[in-house]
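In this text, all values refer to a predicted model and were calculated from it rather than measured experimentally.
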Amino acid sequence: MNIQPLLNALDIQENAARAQTDDLRAQIGQLQTRLRETETHLEHLAITRKTVTGLADRLPASPADLPEHPDYPRILAVFNEATGPLRAKDVCEALDHQLLPKNIEGTRAKLKRLVRLGIRTEVDTGSFARKQ
């Protein structure tokens, strides 16, 4: 009986198993590298979290978030340039709005909202100023 074909088949299987073993070792090496990189990244994130939470108590309290209407930042800019309290009509003029009742009332409502948010104060009825 000739066993050479059987031995040839075994050689083919052994070569395939060695190639697969080499591929798996290479994958393990790549995975170990990725694992080390990910663990280092986690350590850096933990350090960053510790730093941020340590500094959080040193940050000044931020004012309430402004409503999303584009007039609010412009209204605040008007108050930054003003030397005293302003009325809704004054703010309308500074914003180049037409002095129509609907515009003045809309601005007054925005000013009242800034008062409710604690960003501005109403020093007298209809007269608004920066919060001290």
Could you give the side-chain donor-acceptor pairs of residues 88-104 under 3.5 Å, partners two or more places apart or in another chain?
| unit_1 | atom_1 | unit_2 | atom_2 | d |
| --- | --- | --- | --- | --- |
| Asp90 | OD2 | Arg87 | N | 3.0 |
| Asn103 | ND2 | Gln98 | O | 2.8 |

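- Within the model, atoms CD1 of Ile75 and CD1 of Ile119 stand 10.5 Å from one another, a figure rounded to the nearest 0.5 Å.
- For residues 69-79, the salt bridge (Lys or Arg N to Asp or Glu O under 4.0 Å) pairs, not counting sequence neighbours, are Asp71-Arg74, Asp71-Lys110.
- Heavy-atom minimum distance, Pro5 versus Asn2: CD-O, 3.7 Å.
- In this model, a donor atom of one side chain and an acceptor atom of the other lie less than 3.5 Å apart for Gln4 and Asn8.
- To the nearest 0.5 Å, atom CG of residue Leu6 and atom CG of residue Asp11 are 10.0 Å apart.
- Here Arg108 contributes atom CZ and Phe128 contributes atom CZ; the two are 7.0 Å apart, rounded to the nearest 0.5 Å.
- Distance check, rounded to the nearest 0.5 Å: CG of Leu10 to CG of Asn15 gives 11.0 Å.
- Residues Lys50 and Thr53 approach most closely at O-OG1, 3.1 Å, considering heavy atoms.
- In this structure, Thr121 and Arg130 approach most closely via the heavy-atom pair CG2-O, 3.6 Å.
- Once rounded to the nearest 0.5 Å, the distance linking CD of Gln13 with CD of Gln20 reads 12.0 Å.
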Could you pull out all donor-acceptor pairs under 3.5 Å where a side-chain atom in residues 34-46 meets a protein atom, sequence neighbours excluded?
| unit_1 | atom_1 | unit_2 | atom_2 | d |
| --- | --- | --- | --- | --- |
| Arg36 | NH2 | Thr33 | OG1 | 3.3 |
| Thr38 | OG1 | Arg34 | O | 2.8 |
| Thr40 | OG1 | Arg36 | O | 2.9 |

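- For the atom pair CZ (Phe79) and CG (Leu114), the distance works out to 7.5 Å, reported to the nearest 0.5 Å.
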